Amino acid sequence: MSGPPTQSPRALLLPYALPYLIYVALGSFFDGRTEPLALYGARGLLVVAALGWGARFWLPLRGPKGIAGSIALGAAAGLAGTALWIALAAPFAPVDARPWDDSAWAARALVATTLPPLIEEPLMRGFVFGLVLLVERARRAGAIAPITEALDHGSLRSIAPGEWSWLALVVSSAVFAAGHAPSEWLAAGVYGLTMCGLWIARGDLVSCVSAHAITNAALAVYVRATGSWALW
């Protein structure tokens, strides 16, 4: 379980996490309802710039199986995931959600469909999921400090396509859920497990990105068509 220092998980943490951190931080500076162009414009510029830098260090999103099959399966899973999300989030949704006006909805829908899938899937199903697998390997090998061993001497490239463990499923899905509102924790946790299932089935992140994009787009259309703004 060794890897070049430049490819250790500790060295890769910032390239994987920076786009996500910028995306979240900008939400603290701008209100998407009242300042949609400022928020989503800033996310479009700054997050894309962070992705352009960080993605150079990522592991490939593609796996050993055909990309067309991964995109197709991801799209189907994304539609199923939309229904799952709605069913699990609806009982906990706030009752006083206000509708979004046309420009704010369009800006959010566009950015949500394109950026979060490219940010969250490599981070959650790639980095976090893989790091947990490396920690488990280090622990089985008898490392005194398995987390440190995995961070400094592990290699994400050593993880086989589709490799998984129960702990990696739970931890990555819990971290993913923690990035959402409390009313969405159950839906996000189960959705995270669904994305892990795509990684296991296809051995790539293309399927996960495809599914996440379809879900975000379908959910945006659903809330606008039905007025179920509390789910967004």
Side-chain angles (χ1 to χ4, degrees), residues 14-55 61 71 74-75 77-79 81-125 175-192 194-195 205 208-232:
L14 187 60
Y16 273 100
L18 184 61
Y20 179 85
L21 294 175
I22 292 174
Y23 189 93
V24 173
L26 287 171
S28 301
F29 289 99
F30 303 104
D31 185 340
R33 291 178 180 275
T34 60
E35 303 172 290
L37 296 182
L39 174 59
Y40 299 111
R43 281 177 167 172
L45 291 173
L46 298 180
V47 174
V48 168
L51 281 170
W53 170 75
L61 299 182
I71 292 174
L79 291 174
T82 305
L84 186 64
W85 183 283
I86 292 168
L88 294 176
F92 308 100
V95 296
D96 57 348
R98 295 181 291 111
W100 289 60
D101 63 35
D102 291 346
S103 61
W105 174 86
R108 180 176 175 181
L110 175 62
V111 171
T113 299
T114 53
L115 292 183
L118 288 172
I119 297 167
E120 293 181 321
E121 293 311 318
L123 176 61
M124 303 299 174
R125 259 58 71 176
V175 173
F176 176 68
H180 293 76
S183 62
E184 299 174 332
W185 282 351
L186 176 60
V190 174
Y191 189 85
T194 303
M195 297 301 98
L205 294 177
C208 304
V209 171
S210 172
H212 201 150
I214 291 295
T215 294
N216 285 6
L219 186 61
V221 172
Y222 175 83
V223 298
R224 182 173 174 80
T226 63
S228 303
W229 299 103
L231 295 175
W232 210 37

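Computation of the quantities below employed the complete heavy-atom set of this structure, encompassing side-chain atoms and omitting hydrogens, waters and symmetry-equivalent molecules. Model, not experiment: these values are computed from the prediction.
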> Within a strict 4.5 Å, meaning less than it, do heavy atoms of the Phe30 and Tyr40 side chains meet?
no
> Quick one: are Glu120 and His212 in side-chain contact, heavy atoms under 4.5 Å?
yes
> Start with the C-alpha gap between Val48 and Trp53, add the side-chain angles, then the distance that decides, and say whether side-chain contact (heavy atoms from CB on, under 4.5 Å) holds.
CA-CA 9 Å; Val48 168; Trp53 170 75; over 6 Å; no
> For the residue pair Arg108 and Trp232, would you count it as a cation-pi contact if the rule is NZ or CZ under 6.0 angstrom from the ring centre and within 45 degrees of the ring axis?
yes
> Using side-chain heavy atoms (C-beta onward) and a distance below 4.5 Å, is Ile86 in contact with Leu231?
yes
> Are Phe176 and Arg125 side-chain neighbours, meaning at least one heavy-atom pair lies under 4.5 Å?
yes
> Using the side-chain contact (heavy atoms from CB on, under 4.5 Å) rule, take Asp31 and Leu39 through it: C-alpha gap first, then chi angles, then the decisive distance, then the call.
CA-CA 7 Å; Asp31 185 340; Leu39 174 59; over 6 Å; no
> Are Glu184 and Trp85 side-chain neighbours, meaning at least one heavy-atom pair lies under 4.5 Å?
yes
> Taking side chain as C-beta onward, heavy atoms only, is Glu35 less than 4.5 Å from Phe29?
no
> Quick check: closest heavy atoms across Asn216 and Pro117, and the distance to 0.1 Å?
ND2-CD, 4.2 Å
> Quick check: do Leu51 and Leu115 have side-chain heavy atoms less than 4.5 Å from each other?
yes
> Please say whether more than 12 non-hydrogen atoms of neighbouring residues, nucleotides or ligands are located less than 6.0 Å from CH2 in Trp229.
yes
> When you measure from the side chain of Arg33 to the backbone N and O of Asp101, does any donor-acceptor pair fall under 3.5 Å?
no
> Any side-chain heavy atom of Leu84 sitting closer than 4.5 Å to one from Tyr191?
no
